[in-house]
2 protein chains.
Amino acid sequence: MKTLPKISESEWLVMRILWSKGPLTANEVVKSLTGKTKWKPKTIKTLITRLMKKGAVKFEKEGRKYRYYPAVSEAECVRMERYSFVRRVYGGTTRPMLAAFLEDAKLSAEDISELRKILEQKEGE
Amino acid sequence: MKTLPKISESEWLVMRILWSKGPLTANEVVKSLTGKTKWKPKTIKTLITRLMKKGAVKFEKEGRKYRYYPAVSEAECVRMERYSFVRRVYGGTTRPMLAAFLEDAKLSAEDISELRKILEQKEGE
DNA sequence: TAAGTTAGATTACAGTTGTAATCTTAGGAG
DNA sequence: CTCCTAAGATTACAACTGTAATCTAACTTA
């Protein structure tokens with residue numbers, strides 16, 4: 001398992017687009033982000049370039065343009081980010097963190113029963 | 001409610017010390033961090049200084065040295081960090097995040113029943 | 001009182017990030 | 001074939017970060 005690159009706040013937005021919509025040209029990424037950010041197209045190109053340098057995205061050529069796609073797994077990146085978040089804020093102790101999250105979250109009845117199911121399942125282990 | 005300063009990864013360590021142990025001199029902070037990090041004392045002083053400039057800590061004079069203490073609430077900072085984490089990684093949708101957290105976490109039976117209690121309580125609202 | 005220690009103040013310096021603009025060159029429009 | 005456009009490459013530049021070292025002035029100690 002290779003080491004995951006560190007993805008910055010802004011870069012996360014780009015990665016999420018690429019994870020969800022597969023290989024895209026730079027312009028398609030720009031289009032996907034329209035409305036969600038006020039970034040200039042150039043800014044987005046820069047972010048893509050940086051992600052490539054970090055090894056977080058790869059590309060395949062299509063004519064003279066590239067189609068970019070993620071080179072790292074979303075699940076892994078998310079896991080790492082969660083881990084680093086818990087360590088930073090709670091010093092690694094998970095339970096108080098979860099408790100705070102749950103208390104603070106706006107959850108629908110459905111959400112709640114979903115989460116309870118997960119807990120019950122874990123309890124059975 | 002004032003705007004919270006942005007606290008960096010390293011600075012979080014210092015803040016957590018100050019939140020938990022109240023006003024401390026720089027040296028006491030250094031001592032508290034011994035073993036937890038490999039930072040030189042100077043590094044820790046720098047972090048404290050930066051936190052002061054950001055308005056995250058204040059100090060009271062004691063002779064010619066200062067005793068530093070947090071100027072922002074831990075709960076608020078944690079909440080903000082949680083919020084920004086969820087937004088960055090999950091685009092703001094809380095449930096999948098919580099589900100992932102719960103599934104991934106190593107939880108004791110006690111943890112689980114604690115968390116279930118919270119959920120039940122929320123369900124009743 | 002002179003010298004050493006030490007606390008805070010100032011300075012250092014490279015890497016990352018946010019946020020783009022300019023340069024270069026390959027393809028498409030005429 | 002020439003000129004314009006637009007894609008990627010290169011460059012910009014300040015703020016923030018990680019990680020300290022040096023400077024300065026106030027106590028402490030001999």
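A, B, ... follow the sequence lines: proteins, then strands. Residue 1 opens every chain.
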Worksheet item: To the nearest Å, how far apart are Arg50(A) CZ and dA9(D) P?
Response: 15 Å

Worksheet item: Ile48(A) has an atom CD1; how far is it from atom P of dT10(D), in whole Å?
Response: 16 Å

Fill in: Asn27(B) side-chain N/O to dT6(C) phosphate OP1/OP2 under 4.0 Å
no

Worksheet item: Lys54(B) or Lys38(B): which one's nearest nucleotide on DNA chain D is closer to the 5' end?
Response: Lys54(B)

Worksheet item: Which part of the nucleic acid, if any, lies within contact of Lys40(A), taking any heavy atom under 4.0 Å across all strands shown: a base, the sugar-phosphate backbone alone, or nothing?
Response: sugar-phosphate

Discussion item. Given the structure, check if the side chain of Lys42(A) and the base of dT22(C) hold any donor-acceptor pair shorter than 3.5 Å.
Written reply: yes

Discussion item. When you measure from the side-chain N and O atoms of Lys45(A) to the phosphate of dT10(D), is any distance below 4.0 Å, counting only OP1 and OP2?
Written reply: no

Response to the item:
Sorted by position of nearest nucleotide on DNA chain C, 5' first, the leading residue of Thr43(A) and Gly63(A) is Thr43(A)

Discussion item. Does the plane of the ring in Phe85(A) sit parallel, tilted or perpendicular to the ring in Phe85(B)? Use 30° and 60° as the thresholds.
Written reply: parallel

Worksheet item: Quick one: do Lys122(B) and Glu103(A) make a salt bridge, cutoff under 4.0 Å?
Response: no

Response to the item:
Taking dG8(C), dT17(D), dT17(C) as options, the one with an atom nearest any side-chain atom of Glu11(A) is dT17(C)

Discussion item. Heavy atoms only, 4.0 Å cut-off, all strands: where does Ser8(A) land among base, sugar-phosphate and nothing?
Written reply: sugar-phosphate

Discussion item. How many whole angstroms separate atom CG of Leu47(B) from atom C1' of dA21(D)?
Written reply: 15 Å

Worksheet item: At under 4.0 Å between heavy atoms, what does Lys61(B) touch on the DNA or RNA strands: base, sugar-phosphate, or nothing?
Response: nothing

Fill in: Distance in angstrom units between Glu9(A) CD and dG18(C) P, rounded
7 Å

Worksheet item: How many Å lie between CD on Glu28(B) and P on dA7(C), as a whole number?
Response: 11 Å

Worksheet entry | Distance, rounded to the nearest Å, where Leu51(A) contributes CG and dG18(C) contributes C1' | 13 Å

Worksheet item: If you look at every strand shown and take non-hydrogen atoms under 4.0 Å, does Ser10(A) touch a base, only sugar-phosphate, or nothing?
Response: sugar-phosphate

Item to complete: State whether Lys21(A) and Glu28(A) are salt-bridged, where the test is any N-O pair (Lys NZ or Arg NE/NH1/NH2 against Asp/Glu carboxylate O) under 4.0 Å.
Response: no

Worksheet, complete the sentence: From CH2 of Trp12(A) across to P of dG18(C) the rounded distance in Å is 13 Å

Worksheet item: Counting any heavy atom closer than 4.0 Å, what does Tyr68(B) reach on the DNA or RNA strands: base, sugar-phosphate only, or nothing?
Response: sugar-phosphate

Discussion item. Tell me whether the side-chain N/O atoms of Tyr66(A) come closer than 4.0 Å to OP1 or OP2 in dA6(D).
Written reply: no

Item to complete: Please lay out, stage by stage, how Trp19(B) and Val72(B) fare under the test side-chain contact (heavy atoms from CB on, under 4.5 Å).
Response: CA-CA 9 Å; Trp19(B) 276 318; Val72(B) 292; 4.0 Å; yes

Discussion item. Rounded to whole Å, how long is the line connecting atom NZ of Lys65(A) with atom C1' of dT25(C)?
Written reply: 15 Å

Worksheet item: Considering heavy-atom distances to DNA chain C, does Arg64(B) or Met52(B) have its closest nucleotide positioned more toward the 5' end?
Response: Arg64(B)

Worksheet item: Is Leu18(B) linked to Tyr69(B) within one hydrophobic cluster, defined over Ile, Leu, Val, Met, Phe, Trp and Tyr using a side-chain heavy-atom separation of less than 4.5 Å?
Response: no

Worksheet item: Does the pair Lys6(A)/Glu11(A) count as a salt bridge with the N-to-O cut at 4.0 Å?
Response: no

